[in-house]
Amino acid sequence: MITQKIDKKTIRYLRYLKDVFGNKIMLKKDLFTNKLEEYKREIENCKKCQLGNNRKNFVFGDGNANADIMFIGEAPGATEDETGITFVGRAGKLLDKLLMDINLSRDDIFIANVLKCRPPRNRDPLPDEIATCEPYLHKQISLIKPKVIIALGRIAGKTLIKKELSLGSMRGNIYKYQNVDLYVTYHPAAILRNPNWKESITSDFKMIANKYL
Ligand code: URA
């Protein structure tokens with residue numbers, strides 16, 4: 001079912017395709033989805049760094065392959081390693097609630113991490129792991145083509161910006177990553193530790209959604 005608003009010219013084109021190909025027409029949207037799926041299959045057995053040998057699951061990223069907003073976290077945690085799905089632990093549940101507060105769901109966004117495999121005991125990503133894994137993120141961005149990227153937390157932010165900065169100094173600025181506008185805000189796990197920051201992350205999400213959606 002198509003739920004997006006489609007202009008008349010597109011409807012005429014879709015009718016034409018339907019006349020020619022019957023009900024088996026493939027929309028551009030499906031093609032994009034397939035490309036991302038194909039890319040997942042291409043890289044999901046990666047063993048280019050040490051993390052590949054210890055993971056339970058490669059955590060590619062989840063959500064809408066055509067999303068305008070892409071969230072980027074640091075690396076999978078225990079629950080994500082267990083399930084192969086991004087942000088499904090306590091921090092992920094909070095992220096779902098924060099998205100609901102701005103009338104979005106996982107189906108509206110894409111979410112991935114800088115690293116696709118869990119570092120032991122959730123330690124910070126090492127420079128050689130980032131260097132090995134970051135090209136995967138670049139390719140994901142080039143396929144999804146988001147309008148804006150939101151880095152969740154200091155580690156994801158400083159990794160994408162390539163500067164040792166505090167969260168406070170990154171938050172509120174617009175950076176560029178792979179030519180896409182990039183914002184940095186709190187990691188949901190930080191909100192679990194300090195609920196006073198919930199208002200700030202919510203206002204960041206609202207401001208970004210109003211500007212880009
Ligand atoms: N924290 C992250 O940065 N990424 C996840 O996928 C889960 C928790």
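Since the structure is predicted, the reported quantities are computational estimates derived from the model, not experimental observations. Read the numbers this way: they start at 1 and go in the same order the structure lists the ligands and their atoms.
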Residue pairs passing the ring pair (Phe, Tyr, Trp, His ring centres under 6.0 Å) test where at least one lies in residues 87-121, sequence neighbours excluded: Phe87-His187

Looking only at non-hydrogen atoms, find the nearest pair between Arg118 and Ala78 and report the distance. NE-N, 3.5 Å

In terms of the angle between their ring planes, are Tyr186 and Trp197 parallel, tilted or perpendicular, with boundaries placed at 30° and 60°? parallel

Ignoring hydrogens, just give me the one of Leu152, Asn113, Asp62 whose non-hydrogen atom is nearest atom 4 (N) of ligand 1. Asn113

Heavy-atom nearest pair, Leu192 first then Pro195, reads O-CD, 4.3 Å

Once side chain to side chain donor-acceptor pair (under 3.5 Å) is applied, do any residues pair with Asn173, and if so which ones, sequence neighbours excluded? Tyr175

Where the closest heavy atom to atom 2 (C) of ligand 1 is concerned, which of Gly73, Ala75, Gly77 has it? Ala75

Of the protein's non-hydrogen atoms, which lies at the shortest distance from atom 8 (C) of ligand 1, and what is that distance? Phe87 CE2, 3.9 Å

Looking at Glu74, Arg90, Lys116, the heavy atom closest to atom 3 (O) of ligand 1 belongs to Glu74

For atom 1 (N) of ligand 1, what is the nearest protein heavy atom, given as residue, atom name and distance? His187 NE2, 3.1 Å

